[in-house]
Amino acid sequence: MSEGAFKRYMITSALPYANGPKHIGHLAGAYIPADVYVRYLRLSGKDVVFVCGSDEHGTAIPNQALKENTTSQAIVDKYDAQIRKCFVKMGMSFDIYHRTTEPIHHQTSQEIFLTLYNKGLLTEETSEQYYDDEAKTFLADRYIKGTCPKCGHPSAYGDQCEKCGTSLSSKDLINPKSTLTGNSPVLKLTKHWYLPLESYEPWLKEWILKSHQHDWKTNVYGQCKSWIDAGLQPRAMTRDLDWGIKVPLPDAEGKVLYVWFDAPIGYISATRALFDEVTSGHYRFSTPQRDFTGSKKDDWKTYWQDKETKLVHFIGKDNIVFHCIIFPVILHATGEYIVPDNVPANEFMNLEGDKMSTSRGWSIEMHEYLEDFPDKPDVLRYALLTNLPEAKDSEFTWKDFQAKNNNELVAIFGNFVNRAFVLTQKFFDNKVPALGDLQEVDKKALADLKLFPARISESIETYRFREATSGLMDLARLGNKYLAETEPWKLAKTDLPRVGTILNIALQIAANLSVMAEPFLPFSASKLKTMLNVGSTQWHHAGTGDLLAVSHSLGESALLFEKIEDEVIEVQIKKLFDTKKKMELASQPAAPAKQEVSFDEFSKMDIRIGKILKAERVEKSKKLLKLQVDTGIDTRTVMSGIAEHFAPEDIIGKQVTILVNLAPRKIMGVESQGMILMASDKDGSLKLLSPGAETAPGSVIS
RNA sequence: GGCGCGGUAGCUCAGGUGGUUAGAGCGUUGGAUUCAUAACCCAAAGGUCGGGGGUUCAACUCCCCCCCGCGCUACCA
């Protein structure tokens, strides 16, 4: 459908899962592009509602609560607050940021579930599933490990063996264990309600494969086609869990709606909550970005049920099936709702050569960035926008971030604006000078300027945000080039009116930048408007050379962007590696157990407390220290490979554990008579084993 | 394993339906300039478009095979 066919826009960004902090990859995937799109639509005078909210159900929430030793509610409260705050600081212009734990969402989800149920569109099925008695919960396949029946790999997951690649069902596993408690789970009967996706295949084929073949992105279309061609299966819409939305049926005790059933409905609930709040005046979650005066409580329906509404979901590629197949089928099946016009899913953004992962400590989390760069949300927006993973996975590096800031935002955009301001202050008392006769170069600049709004619009409307962003920067380039060609600073002494004409045009370009930058760099655009002493201007006014009237007084000038020094970037890179190392230490499993030994074998070892009397480096050796140790029995020489971990002077006088009856051995020409015992930490560092309190040398360890 | 998306200059990436000398930004080198946050402006160098076959007057683009990365399948944007 063409743009003109729609009366209003309903825009959603993927609901972030409130089980942990979100990182810049999430911003690049579903948030910044959506915000640019929405800000552009608003500037263009379109009727648009933009919603998001925290996704707070699902099994991972109680699991995270277990990990942090708290309640599920506390987990979602914590991360909802954190994510919410970060989005505000990043300039995300949601009309509402809601929560799926809110009653209105429970109500909406249950209503939709019941609509499907009452229409007879859900099927009931009873099956056996593994149950963990101690955790009192049914176990998803991912939470069961056991021996692979094919290759014998001892820790295959319930859904697939990672060693041989066979896809499994948890019931195939030999000796299954719950990953939550380590217990052997038991099989229990349980009833669930399924959505028979396969019966919507004809409709999906018509809707996606035929009507959206050319306007959906290839990655999205291909993924959908793959699902549809493979043949769809019934999918359970309920789960056995005590955290979530109760299944609204009499015989459904202890069952909740599947999180992927309720989460997308969160978009609808959020819209409902928005209109509740703007009509009642009680603002809890909404931050309306436009005037909703005259709206009615029921207006949310227009945005979700009227065919003239254009619905667009911004998501990451991992969510494609839910937003393109399952949720649309739910919406379609109700017979009441519209389905998305487009789902411009992005691929993933990598970081410094590796996948982003919060659990592996390899990410830049929103709150961390904002703590370190509190006044630079636009710089991150820009760095992400110019490198969005629109067609394939992309790569974020700190050096690139610095270069984008220093070479583009500062050197091209900020610098152009500054040049125009400084010259105007110098020669025209900070007032917009009059426009005289136009020369070829002026006409050319104005003609070029005129092309920008349409060019950038075109990119945004076809979801090419990277291209749109570079279009904006090209406008600043145009400004710089214009100044370089006209060289007003040379003419000041001979032809001031001519200088006025040039600066008038330069300032008009700056004013255009303040309008067209708004979707991309909202904070800087607003700062620039203050500098120009102008209010907001609609998109369709841009492209002209009369945004500023002659003699209009400019406001106080300031630098729009500032350089980021090398040291600042080095700190960030170091921080990244430090965090990664910390997480590795915390998550690395211990080495597997060694073979069993008998007590007799163990008691052959003569392990004692000793005291280091002397320690010196061994020449020509990097690793060895030559130690004199008081073993209680005697004083003996021990060669120990610890020179990379301890300085000799630091360990003199330390009590250690020593194996005294190890066969002597010549090392670097010196006979070593025993072995100092060490703990080798996960990062490879060594730790001395000392008694908890001063102990007499020679004390036997058993 | 099956399926999907990618593999294009030193780096990060564009190249909708095959059509003149394959593009941008950054980086590099050279020039010009000094109003400006040592910034801007101009120019050049730099690519057997992952590898191999095929279709065609013509292939980065279409088809087949192989290699590599990522994703989905299997609740992280």
Side-chain angles (χ1 to χ4, degrees), chain A residues 13-14 16-17 19-20 22-33 55 57-60 140-142 157-161 164-168 214-215 217-227 229-230 239 258-260 263 314-322 345-350 355-359 386-397 399-400 403-404 406-408 410-412 414-424 426-427 462 464 466-467 470 473-474 476-477 479-485 487-490 492 499 503 506 559-563:
Chain A
S13 275
Y17 199 49
N19 71 332
K22 298 298 138 190
H23 53 63
I24 62 168
H26 295 100
L27 279 176
Y31 303 102
I32 300 295
D55 173 11
H57 295 134
T59 59
D141 287 345
R142 240 318 73 137
Y157 287 103
D159 47 11
Q160 190 200 27
C161 172
C164 66
T166 314
S167 66
L168 303 166
H214 298 295
D215 62 331
K217 293 169 63 167
T218 52
N219 57 335
V220 177
Y221 184 85
Q223 191 72 236
C224 294
K225 190 170 182 325
S226 145
W227 270 79
D229 289 349
R239 290 288 186 273
Y258 175 40
V259 66
W260 270 113
F314 284 86
I315 58 168
K317 66 173 158 182
D318 53 335
N319 274 341
I320 289 173
V321 63
F322 302 106
N346 275 326
E347 301 283 302
F348 284 168
M349 180 173 258
N350 294 325
K355 279 196 282 187
M356 266 192 245
S357 157
T358 302
S359 60
T386 49
N387 203 14
L388 289 176
E390 289 178 335
K392 60 178 176 189
D393 289 357
S394 71
E395 166 105 358
F396 179 97
T397 66
K399 276 199 74 172
D400 183 63
K404 290 272 162 60
N406 292 357
N407 303 333
E408 296 180 33
V410 173
I412 298 171
N415 186 40
F416 164 65
V417 170
N418 191 41
R419 295 171 84 181
F421 269 83
V422 167
L423 289 165
T424 308
K426 211 177 231 176
F427 301 121
T462 50
R464 295 199 290 252
R466 193 197 258 272
E467 185 180 273
S470 84
M473 195 50 68
D474 284 345
R477 287 196 173 92
N480 277 318
K481 191 171 171 179
Y482 177 67
L483 287 181
E485 282 168 351
E487 301 182 305
W489 50 90
K490 280 188 177 167
V499 175
L503 289 182
L559 295 179
L560 278 178
F561 303 99
E562 56 186 21
K563 284 201 119 180

Both distances under 3.5 Å, Watson-Crick or G-U wobble: on that basis, could you give the dot-bracket string for RNA chain B, with [ ] for crossing pairs and | for other-strand partners? (((((((..((((.....[...)))).((((.........)))).....(((((..]....))))))))))))....
Using the [atom1] atom as the reference point in each nucleotide, state the distance between [N] and [M] in Å, no decimals.
N	M	atom1	result
B/C60	B/U17	C1'	16 Å
B/C70	B/G16	P	26 Å
B/U28	B/C11	P	15 Å
B/A32	B/C42	C1'	7 Å
B/C26	B/C68	P	36 Å
B/A22	B/A45	P	13 Å
B/G54	B/G15	P	29 Å
B/A14	B/C49	C1'	13 Å

A/Ile24 versus A/Phe396: any side-chain heavy-atom pair under 4.5 Å?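 They are in contact (side-chain heavy atoms under 4.5 Å apart), so the answer is yes.
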A/Glu467 versus A/Glu390: any side-chain heavy-atom pair under 4.5 Å?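 Contact flag for A/Glu467/A/Glu390 side chains = no.
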Using heavy-atom distances to pick each residue's nearest nucleotide on RNA chain B, tell me which of A/Pro16 and A/Glu487 is more 5'.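 It is A/Glu487, whose closest nucleotide lies nearer the 5' terminus.
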If you assign A/Leu559 and A/His214 each to the RNA chain B nucleotide with the nearest heavy atom, which residue ends up on the more 5' nucleotide?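 So the residue in question is A/His214.
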What residues, two or more places apart in sequence or in another chain, satisfy side chain to side chain donor-acceptor pair (under 3.5 Å) together with A/Asn418?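 So A/Asn418 forms no side chain to side chain donor-acceptor pair (under 3.5 Å) with any residue.
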Under 4.0 Å between a side-chain N/O of [X] and OP1 or OP2 of [N], yes or no?
X	N	answer
A/Lys317	B/C70	no
A/Thr218	B/G6	yes
A/Lys490	B/U33	no
A/Asn407	B/G27	yes
A/Asn319	B/A77	yes

Gap between atom CG of A/Leu483 and atom CZ of A/Arg419 - 0.5 Å precision: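 It comes to 5.0 Å.
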To the closest 0.5 Å, what do you measure between NZ (A/Lys404) and NZ (A/Lys399)?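 Those atoms lie 13.5 Å apart.
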Which nucleotide sits closest to the side chain of [X]: [options]?
X	options	answer
A/Asp318	B/C35, B/A77, B/C5	B/A77
A/Lys355	B/A77, B/C70, B/C75	B/C70
A/Met349	B/C26, B/A77, B/C40	B/A77

Treating primed atoms plus P, OP1 and OP2 as sugar-phosphate and everything else as base, which nucleotides of nucleotides 10-15 of chain B get B, S or - for protein heavy atoms under 4.0 Å? --SSS-
Where the side chain of A/Asn219 meets the backbone of A/Ala391, is there a donor-acceptor pair that is under 3.5 Å apart?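 Flag not set: sc A/Asn219 to bb A/Ala391 has no pair under 3.5 Å.
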For the pair A/Lys317 and A/Asp393, find out whether any cationic side-chain nitrogen is under 4.0 Å from an anionic carboxylate oxygen.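 Here A/Lys317 pairs with A/Asp393 in a salt bridge, since their nearest N and O are under 4.0 Å apart.
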